[in-house]
Amino acid sequence: MSTISISHVSRWYGNVVAVNDVTMDVGPGVTGLLGPNGAGKSTLIAMMGGFLAPSVGTVTLDGAQVWRNEQAYREIGIVPEREAMYDFLTGREFVVANAELHGLPDPGAAAARALATVEMEHAQDRRIDTYSKGMRQRVKMASALVHEPSVLLLDEPFNGMDPRQRMHLMELLRRMGAEGRTVLFSSHILEEVEQLAAHIEVIVAGRHAASGDFRRIRRLMTDRPHRYLVRSSNDRALAAALIADPSTAGIELDWNERALRIQAIDFERFTRELPRVAREHHIRLLTVSPSDESLESVFSYLVSA
Amino acid sequence: MYDPTVARLTYRALLGRRRALILSALPALLLVIAIAVRLLDAADDAVAVQLLSSFALATMVPIIGVIAGTGAIGPEIDDGSIVYLLSKPLKRPTIIVTKLFVAVAVTMAFSGLPILVAGFILVGGSQQIAAAFAIAAIVASIAYSALFLLLGTVTRHAVVFGLVYALLWEALFGSFVDGARTLSVQQWGLAVAERVVGDGVDVTSAVGLTTAAILLAVVTVAGTWYAGQRLKRLALTGEE
């Protein structure tokens, strides 16, 4: 059982702050690191993996500094986001080489175990450059598991995987978590994280925006004001009827767009009430479109909350 | 200080099909020229020395050094696959020293051996010319490998800088400018050749053997040490 502790960690590149005063503990089980692209997830994972020094703050694994401590890799397994591997090797040769580099007593047996875990025996004697994206990901996974680490760090592991491969990897990570390993993976897709991680850490614009189980994160993400753009056969009448309902907090008549801009504070009630109110007043709805549904805006709401 | 797995991976990367072809091109050219000169009956000691010093030692050895030295580490840093070496309980200087061994061995094999053969084709055992230049190439291989391995850890454009150094400094300035000669790996190799070769042959180095040996040792040790430091400080991040 291992815990990675990140304490007041910032990392900047020149004038750009990539990670801004983040403090969190990642313990046994599966943790999802959620955030939009460019939020600093990779930078954070690189620091946890000892590939990058924090500009300030400390990253420790069970009390020992990770940066410049190659002994930490006896406990850490890493699945990098980048594709490059030793493509001229076969899958088996690659995993055996990783086992040897760890100084394991029986590299062949360890590699066979790891390849069986990711179900890659059938293609283990093919060169890596003939593999599909999902197969590469699985061999990377095998190389990270070969020394049975207590910590597993995965940077965007589901990128580019098809649904079947995704399911397979999720199952594997769930099993690793259940075995008591500390599994941390990053993703920019809420549904992915929600399906897999019991615990979620949200990173937005380099800052630690939220932390908790997926219900709490989900609530934070849906319990925010939602903005809609609505066009109808009678905008003024619709606006008058809707503002009377407690699900809305503000309605603007946008004269240029010939549309209503509606701020809903009770998302569920609003989506139920809007069609009902329209029908009751014999108003035809022409357009109903959420104007801030991008994940980025959801995230930025979380940050300002 | 030496890891057989790192060595195996490096050998296989260096001697992959495409790179092996590039590595063999110049030695093949040298052998073709040597055979042609021999067939034309133009081979004598002076011609042999000319060909082996100006083409083989001044141009071929440094270029092979660039390909092997930078190729032993540059591509791995560039594409990020070095993460699989760095995420192991392995001292980073061990990685560098192992890669240096491999680069030296490859440079020696692709330069020393063809030079020896070309020398024999040209003049046989005459005045030990073949042996002298082969030994010079082997000695130069060590310094070139260390230098270009370091370059591979410093810049993404190691091959370009390496070639500029090899062609401009070693081949061009090295032949004309005196000051540049003292700091030229090629001259250090020549100093060894000068000692080995028979008396009547005109091989002269700009530096004495002792100076050459000291400079060579300093460049090799300092270059390797600094490359180890570079690797310790190497930061890897994702594509973000």
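As the structure is a computational prediction, the values presented were derived from the model and not from experiment. So you know, we letter chains A, B, ... as the sequences are listed, proteins then strands, and number each from 1.
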Quiz item: For Arg233(B), is it the side chain, the backbone, both or neither that has a heavy atom under 4.5 Å from a heavy atom of chain A?
Solution: both

Quiz prompt | Interface residues of residues 60-74 of chain B facing chain A - non-hydrogen atoms under 4.5 Å apart | solution = none

Quiz item: Taking NZ, NE, NH1 and NH2 as the nitrogens, is one of them in Asp87(A) or Arg136(A) under 4.0 Å from a carboxylate oxygen of the other?
Solution: yes

Practice problem: Assess the side chains of Glu76(B) and Tyr86(A): does a donor N or O sit below 3.5 Å from an acceptor N or O? | Solution: yes

Exercise. Pick one of side chain, backbone, both or neither for Asp3(B), based on which atoms fall under 4.5 Å of a heavy atom in chain A.
Key: side chain

Quiz item: Honestly, is Arg92(A) close enough over Phe94(A), meaning NZ or CZ under 6.0 Å from the six-membered ring centre and within 45° of the axis?
Solution: no

Quiz item: Does the side chain of Glu156(A) pick up a donor-acceptor pair with the side chain of His188(A) at under 3.5 Å?
Solution: yes

Quiz item: Do you see a donor-acceptor pair shorter than 3.5 Å between the side chains of Asp21(A) and Ser10(A)?
Solution: no

Practice problem: Could you have a look at Leu89(A), Ile76(A), Ile78(A) and say which one has the most heavy-atom pairs with chain B under 4.5 angstrom? | Solution: Leu89(A)

Quiz item: Will you find, in the side chains of Lys133(A) and Asn159(A), an N or O donor that is under 3.5 Å from an N or O acceptor?
Solution: no

Quiz item: His102(A) vs His147(A) aromatic rings, parallel, tilted or perpendicular, using cut-offs 30° and 60°?
Solution: parallel

